[in-house]
Amino acid sequence: MIKQAIIPLAGLGTRLLPLTSVFAKELLPINGKPGIEYILDECIGAGIKEIVFIISTKKQMIKKYFYSDKFYQNIIKKKKNKRIINEYKKILKYKKKIKFVYQNIPKGTGDAVLKTQKYIKNKYFLMLLPDDLIIKKNCSKAMIRAHNKYKASVMASMKVNKKTVSRWGIYKLNKKLNKTDYVIDGVVEKPSLKNAPSNNAVIGRYILPRTIFKKLKSLKPSKGNEIHITDAIQELINNKEKFVAHNFEGKYLDCGTMRGYINSSKIIGKL
């Protein structure tokens with residue numbers, strides 16, 4: 001069973017400047033609720049018991065958000081406000097599940113994953129990238145079902161317009177398992193339309209094997225002088241480890257750009 005999740009949060013958030021010059025993008029409100037809480041609710045709804053946040057010292061406000069007990073206790077003593085009491089209870093529920101590790105030098109998602117190794121005890125674990133919000137259906141829960149069925153690693157997939165493939169990591173797919181699931185042969189980062197092996201894009205939900213840590217340790221930095229998780233995944237696929245692409249049913253929202261962030265609030269506000 002998959003009971004642990006990791007969430008990389010150390011990124012600088014440059015696409016959301018100037019807001020992120022003073023504020024962690026994951027705490028920015030989306031329809032009145034911090035973005036990270038949508039991700040946490042997805043984890044809890046999928047049965048996750050322990051969540052590892054990868055932050056940097058520059059983003060200590062994320063940790064402080066979950067450790068403001070005295071602040072809440074003082075207000076509740078004075079006001080006895082039901083809404084504030086419920087918010088505090090919710091944060092306490094989250095806090096019980098969260099551990100923190102640090103990535104102070106931005107060396108890529110692969111390096112961030114490697115920082116969590118000491119906490120990951122099981123054969124497989126879940127990773128969620130917070131820029132990718134998936135609403136209406138619990139993507140992680142569906143992916144765990146697929147993992148249990150195929151006894152394999154699982155990555156979220158979404159069909160995109162063929163004209164936009166150069167903006168995405170694109171799957172090279174092999175065998176079709178059913179109407180939503182495919183065996184993955186590989187991932188091509190931002191291919192041209194001509195060279196794209198499909199129009200199935202990688203979305204930020206992954207069920208990864210613990211064996212990926214060994215691969216990450218041996219990887220040398222590549223594009224952008226960073227360690228990329230997709231390079232480690234490709235090596236595991238080359239070594240005949242099974243990876244399945246799961247075309248999820250929920251609605252995808254991009255919260256990593258200013259336009260996407262504003263649009264996400266509008267869409268969720270209409271639900």
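Since this is a predicted model, take the numbers as computed values, not measurements. Atom set for the values below is all heavy atoms of this structure, side chains included, hydrogens, waters and symmetry mates excluded.
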How far apart are the closest heavy atoms of [X] and [Y], and which atoms are they?
X    : Y    : result
L128 : A5   : CD1-CB, 3.9 Å
E50  : Q4   : OE2-NE2, 2.7 Å
I212 : A232 : CG1-CB, 3.8 Å
P191 : W168 : CD-O, 3.6 Å
R210 : N122 : CD-O, 3.3 Å
I170 : V202 : N-CG2, 4.5 Å

Can you tell me if [atom1] on [X] sees more than 12 non-hydrogen neighbours from other groups inside 6.0 Å?
X    : atom1 : result
K97  : NZ    : yes
K3   : NZ    : yes
Q60  : CD    : yes
K58  : NZ    : no
K159 : NZ    : yes
K217 : NZ    : no
K90  : NZ    : yes

Test your reading of the model: is there a side-chain donor-acceptor pair from [X] to the backbone of [Y], 3.5 Å cut-off?
X    : Y    : answer
Q103 : G108 : yes
K121 : K118 : yes
Y171 : M158 : no
N199 : V160 : yes
K25  : L16  : no
S265 : I262 : no
H246 : M155 : no
N239 : E241 : no
K240 : I237 : no

* Salt bridge between D131 and R15, side-chain N to carboxylate O under 4.0 Å? -> yes

* Are D41 and K33 close enough for a salt bridge, meaning some N to O gap below 4.0 Å? -> yes

With a 4.5 Å cut-off on side-chain heavy-atom distances among I, L, V, M, F, W and Y, is there a chain of contacts connecting [X] to [Y]?
X    : Y    : value
I134 : V154 : no
I30  : I36  : yes
I54  : L208 : yes

Can a donor-acceptor pair be found between the side chains of [X] and [Y] at a distance below 3.5 Å?
X    : Y    : answer
N195 : S192 : yes
N247 : S157 : yes
D181 : Y150 : yes
Q234 : N238 : yes

* Decide whether a cation-pi geometry holds between K95 and Y67; the criteria are a distance under 6.0 Å from NZ or CZ to the six-membered ring centre and an angle within 45° of the ring axis. => yes

* Are F213 and F125 close enough that their ring centers fall under 6.0 Å? -> yes

* Worked verdict on R205 versus E42 for salt bridge (charged side-chain N to carboxylate O under 4.0 Å, His left out) -> CA-CA 11 Å; R205 301 289 183 275; E42 182 179 332; 2.9 Å; yes

* Candidates F71, Y88, F53 - the one meeting ring pair (Phe, Tyr, Trp, His ring centres under 6.0 Å) with F66 -> F53

